[in-house]
Structure formats: C-alpha cells, structure tokens
Amino acid sequence: AKMQKYLLYNSVEPEELPTLRELSTMEICKIWSGMSRHIYRQLLQKRAVEIGVGTFAVVPMHANVAEGKVLPIERPMFILSKPLKMFYNLESNDTKIPDETPVAHADFEKIAEEIHFRHEIVEQCVQETLLCFAGALRDNKEVEFSFR
C-alpha cells in the first residue's frame with residue numbers, strides 16, 4: 001500500500017528528500033496551492049480525495065443553533081488514515097466518510113498541467129512533504145499545515 005511509506009521508524013533527514021531540496025519555497029507553495037484547488041473542486045462535487053496519509057472529505061454533521069435546535073450541515077474535513085493513527089499512537093475522533101462518497105486519488109497530471117510543472121515533480125513534492133509531515137508526527141512535533 002502507498003500509505004506504508006509514511007509509517008516511519010526513523011526521522012526523515014532533509015537529504016532524503018531530493019525534490020524538496022531542489023525546489024524553492026515559492027515553488028513548493030505553488031504546488032500545494034494547485035493541490036489545494038484540486039481538492040476543493042473534488043469536494044464541491046461530493047468526491048473525497050485520498051492523499052496517502054489520509055483523506056479530504058465532506059462529512060455530514062449537526063450544528064446546535066438554538067436551544068434544542070439542531071441544523072444538519074456539511075463540513076470539509078481531513079481524516080487521518082487509521083493505520084497512521086495507530087502507528088503513531090494518535091488520538092482523534094473516528095470520523096466516517098459517508099458510504100456513497102466516491103474516493104479518488106489526487107490527479108497529479110491535472111494539477112501539474114494547471115500550474116505548469118512536470119507531473120513527476122508535483123507528485124514527488126507532495127509525497128516528500130507528506131513524509132516530513134509523518135516525520136513530525138513521529139517525533140511528536142507541532143505541525144501547522146494550513147490550507148486555504
């Protein structure tokens with residue numbers, strides 16, 4: 001499985017990440033904003049996007065609006081994969097993606113085309129960033145991963 005590679009027994013060293021080393025911060029940001037737009041569009045079409053460490057999906061919830069009044073809402077969420085949670089001993093609510101939601105993998109070719117990058121670069125950049133993310137989980141570091 002693709003996700004296996006994010007279960008790290010050792011820390012990730014920067015020299016193990018050749019693509020991130022070559023790219024500028026601007027380029028990395030450009031790739032992730034392309035990724036972010038791609039995910040956003042999928043979510044608008046009620047599709048979930050799986051990215052190795054977890055899945056972006058729109059999940060039905062209930063919002064308490066007034067005394068005893070509950071409003072059904074839909075909320076975009078990132079759901080960390082179960083094996084990853086178990087491996088890194090993380091606690092989080094078990095959020096279920098509705099069964100009728102189709103789950104797709106990120107379309108790196110499409111993303112690359114839109115931002116004028118080679119698709120191998122986009123895919124490697126994303127995977128290496130996720131390795132850093134997994135490394136931070138492994139080392140119990142604070143992770144701030146902001147998405148528009």
Side-chain angles (χ1 to χ4, degrees), residues 1-65 70-112 115 117 119-148:
K2 233 186 179 162
M3 193 224 60
Q4 243 39 59
K5 70 160 157 280
Y6 300 117
L7 305 180
L8 305 173
Y9 288 101
N10 302 307
S11 296
V12 179
E13 299 306 320
E15 47 276 10
E16 294 171 55
L17 306 170
T19 311
L20 290 187
R21 221 176 41 215
E22 295 297 311
L23 295 170
S24 69
T25 304
M26 284 275 295
E27 290 169 321
I28 296 170
C29 289
K30 194 171 176 187
I31 288 171
W32 275 99
S33 69
M35 182 80 171
S36 160
R37 277 194 303 274
H38 173 70
I39 292 168
Y40 179 67
R41 283 198 297 266
Q42 300 302 310
L43 294 181
L44 283 180
Q45 294 171 16
K46 298 269 193 281
R47 282 199 287 265
V49 183
E50 200 271 319
I51 63 160
V53 293
T55 307
F56 287 94
V58 174
V59 181
M61 302 213 139
H62 293 101
N64 298 321
V65 274
V70 171
L71 193 68
I73 55 167
E74 291 188 315
R75 188 168 159 218
M77 285 186 79
F78 177 68
I79 301 150
L80 209 55
S81 83
K82 264 208 179 80
L84 212 79
K85 274 200 307 209
M86 286 162 64
F87 188 83
Y88 292 118
N89 223 335
L90 303 169
E91 286 188 23
S92 75
N93 305 337
D94 276 334
T95 310
K96 233 177 92 54
I97 299 170
D99 294 333
E100 65 276 10
T101 306
V103 180
H105 291 282
D107 186 339
F108 292 115
E109 294 195 14
K110 207 175 194 170
I111 297 164
I115 58 174
F117 273 80
H119 91 263
E120 298 81 18
I121 302 274
V122 173
E123 188 163 358
Q124 283 157 3
C125 171
V126 167
Q127 286 177 356
E128 289 179 15
T129 308
L130 294 174
L131 275 172
C132 285
F133 177 72
L137 289 178
R138 181 196 169 277
D139 298 336
N140 229 333
K141 288 191 182 120
E142 281 283 313
V143 177
E144 192 175 305
F145 209 70
S146 56
F147 249 7
R148 281 226 315 280

Next on the checklist: Just verifying a value: how many Å separate Trp32 CH2 and Thr129 OG1, rounded to the nearest 0.5 Å?
Outcome noted: 5.5 Å
Next on the checklist: Would you compute the distance between atom CD of Gln127 and atom CD1 of Ile51 and round it to the nearest 0.5 angstrom?
Outcome noted: 10.5 Å
Checklist entry - So, for Cys132 and Leu20, which heavy atoms are closest and what is the spacing to 0.1 Å? => result SG-CD1, 3.9 Å
Next on the checklist: If you compare all heavy atoms of Leu43 against all heavy atoms of Ala57, which two are closest, and at what distance to 0.1 Å?
Outcome noted: CD2-CA, 3.6 Å
Item to check | Minimal non-hydrogen separation, Met35 against Ala106, with atom names | outcome: CE-CB, 3.7 Å
Checklist entry - Less than 4.0 Å between a side-chain N and a carboxylate O, is that true for Arg21 and Glu128? => result no
Checklist entry - What do the steps show when you test Val59 against Arg75 for side-chain contact (heavy atoms from CB on, under 4.5 Å), and what is the final call? => result CA-CA 5 Å; Val59 181; Arg75 188 168 159 218; 5.5 Å; no
Item to check | Approximate separation, where rounding is to 0.5 Å, of Ile121 CD1 and Ile28 CD1 | outcome: 11.0 Å
Checklist entry - Distance from Ile115 atom CD1 to His38 atom NE2, nearest 0.5 Å? => result 11.5 Å
Next on the checklist: Restricting to non-hydrogen atoms, name the atom on Glu22 and the atom on Glu27 that form the minimum distance, rounded to 0.1 Å.
Outcome noted: O-OE1, 4.3 Å
Checklist outcome for this item: When Ile79, Leu137, Asp94 are each screened for side-chain contact (heavy atoms from CB on, under 4.5 Å) with Lys85, the one that passes is Asp94
Checklist outcome for this item: One should read off an interatomic distance between Phe56 CZ and Ile97 CD1, to the nearest 0.5 angstrom, of 11.0 Å
Checklist entry - Does any non-hydrogen side-chain atom of Tyr88 lie less than 4.5 Å from one of Asn140? => result no
Checklist entry - Shortest non-hydrogen contact from Ile111 to Ile31? => result CG2-O, 4.4 Å
Next on the checklist: Quick one, Asn10 and Glu13 - any side-chain contact, counting heavy atoms below 4.5 Å?
Outcome noted: no
Next on the checklist: If you apply the rule side-chain contact (heavy atoms from CB on, under 4.5 Å), what do you find for Glu74 with Lys46, and how did you get there?
Outcome noted: CA-CA 10 Å; Glu74 291 188 315; Lys46 298 269 193 281; 3.1 Å; yes
Next on the checklist: For a 4.5 angstrom cut-off between non-hydrogen side-chain atoms, does Glu50 reach Thr55?
Outcome noted: yes
Checklist entry - For the side-chain contact (heavy atoms from CB on, under 4.5 Å) test, which of Val49, Asp107, Val58 pairs with Gln42? => result Val49
Checklist entry - Can you tell if the side chain of Pro60 reaches within under 4.5 Å of the side chain of Pro72, non-hydrogen atoms only? => result no
Checklist outcome for this item: dist Leu17:CG -> Leu131:CG (nearest 0.5 Å) comes out at 6.0 Å
Item to check | Phe117 ring center within less than 6.0 Å of Phe108 ring center | outcome: no
Checklist outcome for this item: For Val53 and Leu80, the nearest pair of non-hydrogen atoms, with its separation, is O-CD1, 3.5 Å
